[in-house]
**Student:** 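Dropping a structure here in structure tokens format, bear with me for questions.
We name chains A, B, ... by the order of the sequence lines, and we start the count at 1 in each one.
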Protein chains: 2
Amino acid sequence: MHDHAATHDHGCGGAQAAIARAERLCRERDLQFTRLRREVLAAVAGQTRPMGAYDIAEALSAPGRRVAAVSVYRALDFLTEHGLVHRIASRNAFVSCGHSHTDGAGLVFLICRNCGTIDETTAPEVEDQLGRTLAKAGFKPISRILEVEGECGACLSRPAEA
Amino acid sequence: MHDHAATHDHGCGGAQAAIARAERLCRERDLQFTRLRREVLAAVAGQTRPMGAYDIAEALSAPGRRVAAVSVYRALDFLTEHGLVHRIASRNAFVSCGHSHTDGAGLVFLICRNCGTIDETTAPEVEDQLGRTLAKAGFKPISRILEVEGECGACLSRPAEA
DNA sequence: GCCCGAGTGTTACGATGTATCATCACTTCC
DNA sequence: GGAAGTGATGATACATCGTAACACTCGGGC
């Protein structure tokens, strides 16, 4: 392991990378990476915590411009469909994807109860075991969500920082 | 395998069992298993698919009696807190617990995309692997959700039943 | 009787997500 | 050039999910 740094590259610098990746992907697949989609992705990628759709709408709105939640949802649909953003079901919120994986398969989200940061990793061994378990149960998986809530390493290192 | 029947014992007969288990548990812990809580549990346990809180409220309401969603939420809070009912995060809905586990740990929910049935199992091997993965990442887990969407064995056996 | 606590009913509200229709930009085909 | 089609967006309304606040009831203890 230890593409750990890679899994952490949200957070400002990561936004640039995420957008660059999105542009490349959209060029490859002949998709439209429009202004709104870019802005929604930028907003999400600029955070290490998940953002709600309404948070995003507010963040993109300005005195002269109002972005409605419905527009954000549409952009998020596009972005999640192509794996650029992930939905955190336990929070009704979204994070930008830190990987360049082809599919949403095998992802694990680590949600820190203390600082709210979301870390995204893959766990092939867990996937393998899960696949075997599902096969034994006669269940054919299509998609899955695996979200773990707890305390992240950073928060465990410095116990009492508010 | 093939405690499969056991994992399936929602579904009408299972409602009786679920309520019996709940009564026992509440007696042991000196909790109040009130009429509303019993009815909410019965409603959820009588289904193999997850029910939304508003669905439950409607199911319990009758010409002479209106059960508000907020009451259902309170009952569900109680039931989930004591492991009698589980929340399906990906559906914003609830299913009755088919096990008598002490804790919500290690559960896997199998959600059939075709028939909507939810099957609940445990997967110790997956748990073990996940625990190791989290330890390596320096993350201390407190709770987790693992929900798999796909096609259940029953639906795979009879491909074209509407 | 009185108080107190847990559960419930009721109303209102906030937060999340979707349906519908109009508009705009761009392409294609005539 | 102009008509028609397609995909994205704007705007309004609506549906669903969840919670806050307060009043009421019912039991037990004093």
**Student:** Take the protein atom CZ of B:Arg66 and the nucleotide atom P of C:dG9, then report the distance between them rounded to whole Å.
**Tutor:**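 The answer, rounded to whole Å, is 10 Å.
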
**Student:** Using only side-chain N and O atoms of A:Arg87, determine if any of them is under 4.0 Å from OP1 or OP2 of C:dG17.
**Tutor:**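 Answer is yes, contact under 4.0 Å.
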
**Student:** Tell me whether the side-chain N/O atoms of B:Ser71 come closer than 4.0 Å to OP1 or OP2 in C:dT10.
**Tutor:**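 No, because none of the side-chain N or O atoms of B:Ser71 sits under 4.0 Å from OP1 or OP2 of C:dT10.
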
**Student:** Answer yes if A:Val70 and A:Ile56 sit in the same cluster of Ile, Leu, Val, Met, Phe, Trp and Tyr residues linked by side chain heavy atoms under 4.5 Å apart, and no otherwise.
**Tutor:**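 Shared cluster, no.
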
**Student:** With a 4.5 Å cut-off on side-chain heavy atoms, are A:Ser71 and A:Leu36 touching?
**Tutor:**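 Yes, at least one pair of side-chain atoms sits under 4.5 Å.
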
**Student:** Measure CZ/B:Arg38 against C1'/C:dT8 and give the value in whole Å, please.
**Tutor:**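 Result: 16 Å.
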
**Student:** Distance check needed: D:dT16 C1' versus B:Tyr73 OH, whole Å only.
**Tutor:**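 Roughly 8 Å, once rounded to whole Å.
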
**Student:** Where the side chain of A:Gln32 is concerned, which of D:dG7, C:dT10, D:dT12 is the nearest nucleotide?
**Tutor:**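 Given the options D:dG7, C:dT10, D:dT12, the side chain of A:Gln32 is closest to D:dG7.
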
**Student:** Describe the nucleic acid contact of A:Val70 in one word from base, sugar-phosphate, nothing, applying a heavy-atom distance below 4.0 Å.
**Tutor:**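 If one applies the 4.0 Å heavy-atom cut-off, A:Val70 turns out to touch a base.
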
**Student:** Does C:dG7 have its OP1 or OP2 closer than 4.0 Å to a side-chain nitrogen or oxygen of B:Arg37?
**Tutor:**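 So the side-chain polar atoms of B:Arg37 do come within 4.0 Å of the phosphate oxygens OP1 or OP2 of C:dG7, strictly under.
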
**Student:** Closest approach of B:Ile145 and A:Ser90, non-hydrogen atoms and distance?
**Tutor:**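 Closest approach of B:Ile145 to A:Ser90, heavy atoms only: CD1-CB, 3.9 Å.
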
**Student:** If only side-chain N and O atoms of B:Asn92 are considered, is one of them under 4.0 Å from the OP1 or OP2 phosphate oxygen of C:dT16?
**Tutor:**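 No, because none of the side-chain N or O atoms of B:Asn92 sits under 4.0 Å from OP1 or OP2 of C:dT16.
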
**Student:** A:Leu36 has a side chain; which of D:dT12, D:dT9, D:dG7 sits nearest to it?
**Tutor:**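 Given the options D:dT12, D:dT9, D:dG7, the side chain of A:Leu36 is closest to D:dT9.
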
**Student:** Between the base of C:dG17 and the side chain of A:Tyr54, is there a donor-acceptor distance below 3.5 Å?
**Tutor:**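 Counting by modelled atom types and ignoring angles, a donor-acceptor contact under 3.5 Å is found here.
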
**Student:** Check if the side chain of A:Arg74 and the base of D:dG10 share a donor-acceptor pair of N or O atoms closer than 3.5 Å.
**Tutor:**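 Per atom types, the contact qualifies.
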
**Student:** Compare side-chain N and O positions of B:Thr34 against OP1 and OP2 of C:dA6 and report whether any pair is under 4.0 Å apart.
**Tutor:**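 No, outside the criterion.
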
**Student:** Quick one: A:Ile56 CD1 to C:dA15 P, roughly how many Å, whole number?
**Tutor:**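 Rounding to the nearest Å, CD1 of A:Ile56 and P of C:dA15 are 16 Å apart.
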
**Student:** If you compare all heavy atoms of B:Cys112 against all heavy atoms of B:Cys152, which two are closest, and at what distance to 0.1 Å?
**Tutor:**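 Where B:Cys112 meets B:Cys152 most closely, the heavy atoms are SG-N, 3.4 Å.
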
